[in-house]
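In this text, all values refer to a predicted model and were calculated from it rather than measured experimentally.
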Amino acid sequence: MKWVTRHHARVNRTPVEVPARILAATFLVVAFSARTALAFPPYHSTDAETADPWTLETRLGLVRLERDVGHNEYASPLLRVNLGLPHGVELVSELECRAVLRSVGDAALGFKWVPFMASLSVGIEALALLPISSAGGAGVETSLLATWRAGELLRTHLNLTGFYDARATPAERGWKAGLVNELRLGRFRPGIEIFAEQVRGEAVQVVAGPGIIVKLGPIDVRSGIHFGLTPRATDLAVSFWIAGAFPLD
């Protein structure tokens, strides 16, 4: 999903309103039904791992604040719901809402497949970018994923992505790349990410910053902060999440 960059301001269409009760209902699902879920907000990148078969992973972003050229923008709720299937397959869904406009900011459905799991895992993720306004439009995003495990302490996650998005005006195509280094220190998982994106014909946008995931009983809490490193990137983005998972069988 391409929620860190400025070019999304060009999507100027009639919004689709989202009821506020979605946030409350999702919070109850996460808080009272869950065990701890792995991966992967508060980072933009994802990992080359999938949920256990017939396990539902839910990640709820309570808020994301972006500040760019003195302008603040809020998004809430941010929702990631994934369903693990056998043979290293995971169904993926994403939804983001603009808090102020009460409209959909982004939405996607797709799958992740990780056929090779060892100290180095390699997989792919494919997403259909869904219409987010009455004007329609759609897109596609495909990623090559890799995760390297250095014992129990260190995880390194690498993403290489191509995308085409006809929801923007004009339509956008380009690439993204992300690198996350993450430590496993008991119930604390601090990390740092660098993330780059380029829409064809525009300058490369780069952000970087730290994140942390903390296990608190049946859920974990997650927070991240990213700073823009290039002129076209968003100056500052801060997010706060809770996450959990529960088996369906």
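Shown here for Ala166 and Ala171, the closest heavy-atom pair between the two residues is CA-CB, 3.8 Å. When all heavy atoms of Gly61 and Ser76 are compared, the closest pair comes out as O-OG, 4.3 Å. Minimum heavy-atom separation, Gly178 to Phe195: CA-CD1, 4.0 Å. Contact detail for Ala233 and Asp68: the closest heavy-atom pair is O-OD1, 3.9 Å. Closest heavy-atom contact between Pro42 and Gly224: CB-N, 3.5 Å.
Salt bridge annotation for Glu96-Arg64: present, with a cationic side-chain nitrogen under 4.0 angstrom from a carboxylate oxygen. Under a 4.0 Å N-O distance rule, the pair Glu73/Arg67 does not qualify as a salt bridge. Ion pairing between Glu49 and Arg149 holds under the 4.0 Å rule for side-chain N and carboxylate O. A salt bridge links Arg189 with Glu182; the closest basic N to acidic carboxylate O contact falls under 4.0 Å.
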Are Thr156 and Asn181 close enough, and set up right, to give a side chain to side chain donor-acceptor pair (under 3.5 Å), and what steps lead you there? CA-CA 5 Å; Thr156 298; Asn181 282 313; 2.6 Å; yes
Given the rule in the side chain to side chain contact (heavy atoms under 4.5 Å, CB included) test, do Glu202 and Arg232 qualify, once you have shown the distances and angles that lead to the verdict? CA-CA 9 Å; Glu202 298 185 4; Arg232 289 281 298 171; 2.9 Å; yes
Working note: Arg184 + Leu153, criterion side chain to side chain contact (heavy atoms under 4.5 Å, CB included); need CA distance, chi angles, decisive distance, verdict. CA-CA 5 Å; Arg184 304 293 180 98; Leu153 180 63; 5.5 Å; no
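If you chain together hydrophobic residues whose side chains sit under 4.5 Å apart, Val122 and Leu154 fall into the same group. Leu236 and Val69 fall into different hydrophobic clusters, where Ile, Leu, Val, Met, Phe, Trp and Tyr side chains are chained together by heavy-atom contacts under 4.5 Å. Both Trp113 and Leu56 are part of a single hydrophobic cluster, where members link through side-chain heavy atoms under 4.5 Å apart. Side-chain heavy atoms closer than 4.5 Å link hydrophobic residues (I, L, V, M, F, W, Y) into clusters, and following such links, possibly through other members, connects Leu83 to Leu79. Linking ILVMFWY side-chain heavy atoms closer than 4.5 Å, directly or via other members, places Ile192 and Ile213 in two distinct hydrophobic clusters.
Residues Val114 and Met117 form a side-chain contact, since some pair of their non-hydrogen atoms from C-beta on lies under 4.5 Å apart. You'll find the side chain of Lys112 stays beyond 4.5 Å of the side chain of Leu85, heavy atoms only. Contact check for Pro77 versus Cys97: side-chain heavy atoms found under the 4.5 Å cut-off. You'll find the side chain of Trp241 reaches within 4.5 Å of the side chain of Arg80, heavy atoms only. In this structure the side chain of Arg167 reaches within 4.5 angstrom of the side chain of Asp106, judged on heavy atoms. Side chains of Asp47 and Ser121 form no contact here, defined as non-hydrogen atoms less than 4.5 Å apart. No side-chain heavy atom of Leu78 sits under 4.5 Å from any side-chain heavy atom of Leu60. Put simply, the side chain of Glu197 reaches to within 4.5 Å of the side chain of Phe163, judged on heavy atoms.
The closest side-chain donor-acceptor pair between Asn159 and Ser143, if any, does not fall under 3.5 angstrom.
A donor-acceptor pair is defined here as one N or O able to donate and one able to accept, closer than 3.5 Å; such a pair exists between the side chain of Ser93 and the backbone of Val81. Checked by atom type and distance alone, the side chain of Glu193 pairs as donor or acceptor with a backbone atom of Ser45 at under 3.5 Å.
Leu130 belongs to a hydrophobic cluster whose remaining members, ordered by chain and number, are Leu109; membership requires side-chain heavy atoms of ILVMFWY residues under 4.5 Å apart, directly or through intermediates. By the 4.5 Å side-chain criterion applied to Ile, Leu, Val, Met, Phe, Trp and Tyr, Leu229 is assigned to a cluster that also includes Leu158, Trp175, Leu179, Ile194, Val204, Val206.
Distance check, rounded to the nearest 0.5 Å: OG1 of Thr234 to CD of Glu66 gives 5.0 Å. Once rounded to the nearest 0.5 Å, the distance linking CG of Leu127 with OG1 of Thr46 reads 9.5 Å. Distance CG/Asp165 to CG/Leu129: 5.0 Å, rounded to 0.5 Å. Note: Trp148 CH2 to Leu120 CG = 9.5 Å, rounded to the nearest 0.5 Å. Interatomic distance, CZ of Arg59 versus CD of Glu94, reported as 8.5 Å (0.5 Å rounding). The OG atom of Ser239 lies 10.5 Å from the CZ atom of Arg222; values are rounded to the nearest 0.5 Å.
Between Glu90 and the choices Thr50, Thr55, Asn82, the side chain to side chain donor-acceptor pair (under 3.5 Å) rule is met once, by Asn82.
Ring pair His157/Phe40: centre-to-centre distance below 6.0 Å.
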